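Small disclaimer: the values here were computed from a predicted structure and weren't measured.
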Amino acid sequence: MEKFGLSLIAWLIFIGSALLEVGGDAVVRKGLRGYNIVLIVAGGLMLASYGILVNTLKWDFSRLLGVYVAVFALVSILCGKFLFGEDIPFSTWLGLAIIISGGLVIQFGHA
């Protein structure tokens, strides 16, 4: 693993994990709203898969999830915008910038 920055593998793991987490939450939500236990279980399996995948990186737990949260927030907002057609307010984009800034501090602050 690279001492500073994120390796390609770390980026792929974070993006894959975020897609599993966002997707799993969306599937659970659809299952709850439609009273569909199969969707709820499928979404739960996706969420469990996210937890396994993200933890394949051998980083300190606080750094791992601190940096992952920034990637997750970005993927979540982009999915809301482009997959669900949500109108994202400026305050959400501003909050995202703050979260990403925090992820950068966590990633590079130990240097």
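- Note that CD1 of Ile13 is 5.5 Å distant from CG of Leu53, once rounded to the nearest 0.5 Å.
- When Leu74, Ile88, Leu78 are each tested for a side-chain contact (heavy atoms from CB on, under 4.5 Å) with Leu96, only one passes: Leu74.
- The hydrophobic cluster around Val69 extends to Ile99, counting ILVMFWY residues whose side-chain heavy atoms fall within less than 4.5 Å of a member.
- Here the CD-CD1 distance, from Gln107 to Ile100, works out to 13.5 Å after rounding to the nearest 0.5 Å.
- Ser17 pairs with exactly one of Leu12, Leu57, Val54, Val71 by the side-chain contact (heavy atoms from CB on, under 4.5 Å) rule, that one being Val54.
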- request: Report the C-alpha distance between Leu20 and Leu47 in whole Å, list the side-chain angles of each, state the deciding distance to 0.1 Å, and finish with yes or no for side-chain contact (heavy atoms from CB on, under 4.5 Å).
  value: CA-CA 6 Å; Leu20 282 168; Leu47 291 168; over 6 Å; no
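- Note: Trp93 CH2 to Ile77 CD1 = 6.0 Å, rounded to the nearest 0.5 Å.
- Outside the 6.0 Å centre-distance limit, the rings of Phe72 and Tyr50 are not counted as a close aromatic pair.
- One hydrophobic cluster, built from ILVMFWY side chains closer than 4.5 Å, cannot hold both Val41 and Val22; they sit in different ones.
- Asn55 meets the side-chain contact (heavy atoms from CB on, under 4.5 Å) test with Phe61, Leu64; sequence neighbours excluded.
- Phe108 and Ile98 are members of different hydrophobic clusters when ILVMFWY side chains are connected at heavy-atom separations under 4.5 Å.
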field: Asn36/Lys30 under side-chain contact (heavy atoms from CB on, under 4.5 Å): CA gap, chis, key distance, verdict
entry: CA-CA 8 Å; Asn36 186 331; Lys30 186 169 181 70; over 6 Å; no
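- Between Gly103 and Ala70 the shortest heavy-atom distance is CA-CB, 4.1 Å.
- Annotation: side chain of Leu19 is in contact with side chain of Val75 (closest heavy-atom distance under 4.5 Å).
- The main-chain N or O of Ser62 is never found under 3.5 Å from a side-chain atom of Asp60 such that the two would form a donor-acceptor pair.
- Taken to the nearest 0.5 Å, the CD atom of Glu86 stands 9.0 Å off from the OG1 atom of Thr92.
- Note on Val67 and Ile9: same hydrophobic cluster, where clusters join Ile, Leu, Val, Met, Phe, Trp and Tyr whose side-chain heavy atoms are under 4.5 Å apart, directly or indirectly.
- Between the CZ atom of Arg63 and the CD1 atom of Ile106 there is a distance of 10.0 Å, given to the nearest 0.5 Å.
- A centroid separation of less than 6.0 Å is found between the aromatic rings of Phe14 and Trp59.
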